[in-house]
Amino acid sequence: MNFSKTITYWYSENKRDFPWRKTKNPYFIWLSEIILQQTQVKQGLPYYEAFVSTFPTVFDLAKAPEQDVLKLWQGLGYYSRARNLHFTAKHIVSELNGVFPNTYSDIIKLKGVGDYTASAIASIAFNEPAAVVDGNVYRILSRFFDINTPINSTKGIKEFKVLASTLIDKEAPAIFNQAIMDFGSRQCKPKNPNCNICPLNNSCLALKKNKIQALPVKLKKVKVTQKYFNFLVCIDSNNNVLFEQRVKKGIWQNLYQFPLIETEKSISVDEFHLLKVKTYLLKDIDFDYSLYNKTDKIHKLSHQHLHTKFWIIETKALPKEAIPFSKLKSYPTPVLISNFINEFNF
DNA sequence: AAGTCGGGGCT
DNA sequence: AGCCCAGACTT
């Protein structure tokens, strides 16, 4: 039995029952694919359920304020996905008459949709034989065919896409694409795959050459930069607090946080004056301050390690843009901030 | 072609 | 600690 037939047969015996596998509605397929970008099913599943429930149609998503979309996305990371999702929903409603595009070439024009996602939607929702190449597919193909081209090089991206395109079952692209990804996540796993029970173990070149652990080949690794964040939790005697939106480009764009001052290194209580709170934030306002966490809270992102301090600043009155404690949890925030809000117990 | 963008899970 | 995850976008 050849590669593709083996994968498809394995899937028929082992497929899992996910909610997005019960529908051909392109809106739901799109939603699931955006949520699952760089995200494991276990983490994305509850978000999919919440989005389908809150926004049953593309019209519901389009008419929602961005803040509501980001709030529902809170905790999932890569927030540009949520912003692009919302932008595209509005685009489909206002420019495409609410009708989801039905070909790969039209789907890939949507913001937030690249080659993988366009292929997934076109194949699953419209049965177009467009091959998906995600992390699972890179791993399976590089191992089975012993391909050493780095999967994140320009050459590798083209090479694996061409190969996947020759392998896809043109009669059943929806099943094949989901099958090969499922096979990758559960059988041909990154670490310690159980090749003894693999239906492809008699023809897998990496297994034959003992190169399972060495494949796929991946270029470079992101170097992690250290950053030092000082959040200023400014509260007044009437239970109000300063809270602001991150409008600049960078991490957590459009999410909310306490006023932030970044420093070159971790500062001590004695060095609080370096933050120049009196100059930049609370002009002519008297306040008392204290440090909430004695040791830096380290929040790890994929490319940054954030060493964070929460400074509690108490004053009689704050600028009028301060919000009441009771409204804090209605804003979309990074996990770091929502964790603090829950812990501090305003 | 290289950097940026989250958070959680696994080893 | 390092790598991975149903990647896409920007520079």
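The model shown is predicted, which means the values in this text are computed figures rather than measured ones. First the proteins, then the strands, lettered A, B, ... as listed; each starts at 1.
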Task: Short side-chain N/O contact to dG7(B) OP1/OP2 from H299(A), under 4.0 Å - done: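 H299(A) to dG7(B) OP1/OP2: side-chain N or O found under 4.0 Å.
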TODO: Indicate whether OP1 or OP2 belonging to dT4(B) is found under 4.0 Å from a side-chain N or O atom of H303(A).
DONE: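 Result: no.
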TODO: Scan L219(A) against the nucleic acid and name what it touches under 4.0 Å (heavy atoms): base, sugar-phosphate only, or nothing.
DONE: nothing
Open item on the list: Just to be sure I understand the rule, does G250(A) reach a base, reach only the sugar-phosphate, or reach nothing, if contact means heavy atoms closer than 4.0 Å?
Closed with: sugar-phosphate
Open item on the list: Quick check: closest heavy atoms across L219(A) and S153(A), and the distance to 0.1 Å?
Closed with: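 Minimum heavy-atom contact is CD1-CB, 4.0 Å.
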Whole Å only: how far is the [atom1] atom of [X] from the [atom2] atom of [N]?
X	N	atom1	atom2	value
R246(A)	dC5(B)	CZ	C1'	12 Å
K42(A)	dG6(B)	NZ	C1'	18 Å
N192(A)	dC4(C)	CG	C1'	13 Å
N152(A)	dG3(B)	CG	C1'	12 Å
Q253(A)	dC5(B)	CD	P	10 Å
N194(A)	dT11(B)	CG	P	13 Å
I251(A)	dC5(B)	CD1	C1'	9 Å
L301(A)	dA1(C)	CG	C1'	16 Å

Task: Selection residues 1-13 of chain A - residue pairs positive for side-chain hydrogen bond (donor to acceptor under 3.5 Å, both in side chains), sequence neighbours left out - done: Y11(A)-R21(A)
Please tabulate, one pair per line, all N/O donor-acceptor pairs under 3.5 Å involving side-chain atoms of residues 323-333 of chain A, not counting sequence neighbours.
unit_1	atom_1	unit_2	atom_2	d
K329(A)	NZ	N342(A)	OD1	3.2
S330(A)	OG	K327(A)	O	2.7
T333(A)	OG1	S338(A)	N	3.4

Task: Pair W311(A) + F231(A): ring centers closer than 6.0 Å - done: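 No: the rings miss the under 6.0 Å criterion.
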Open item on the list: Please tell me whether W252(A) and Y79(A) form a close aromatic pair, meaning their ring centres lie under 6.0 Å apart.
Closed with: no
- [ ] Look at atom CZ of F346(A) and say whether more than 12 heavy atoms of other residues, nucleotides or ligands are closer to it than 6.0 Å.
- [x]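 Yes, the 6.0 Å shell around CZ holds more than 12 heavy atoms from other groups.
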TODO: Establish, yes or no, whether the cationic atom of K111(A) lies under 6.0 Å from the six-membered ring centre of F87(A) and within 45° of the ring axis.
DONE: yes
Task: Per-nucleotide protein contact string for nucleotides 5-11 of chain C (B base, S sugar-phosphate only, - none; heavy atom under 4.0 Å) - done: BBBSSSS
TODO: Find which nucleotide of DNA chain B each of G75(A) and K189(A) is nearest to by heavy atoms, and output the residue with the more 5' nucleotide.
DONE: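 Of the two residues, G75(A) wins.
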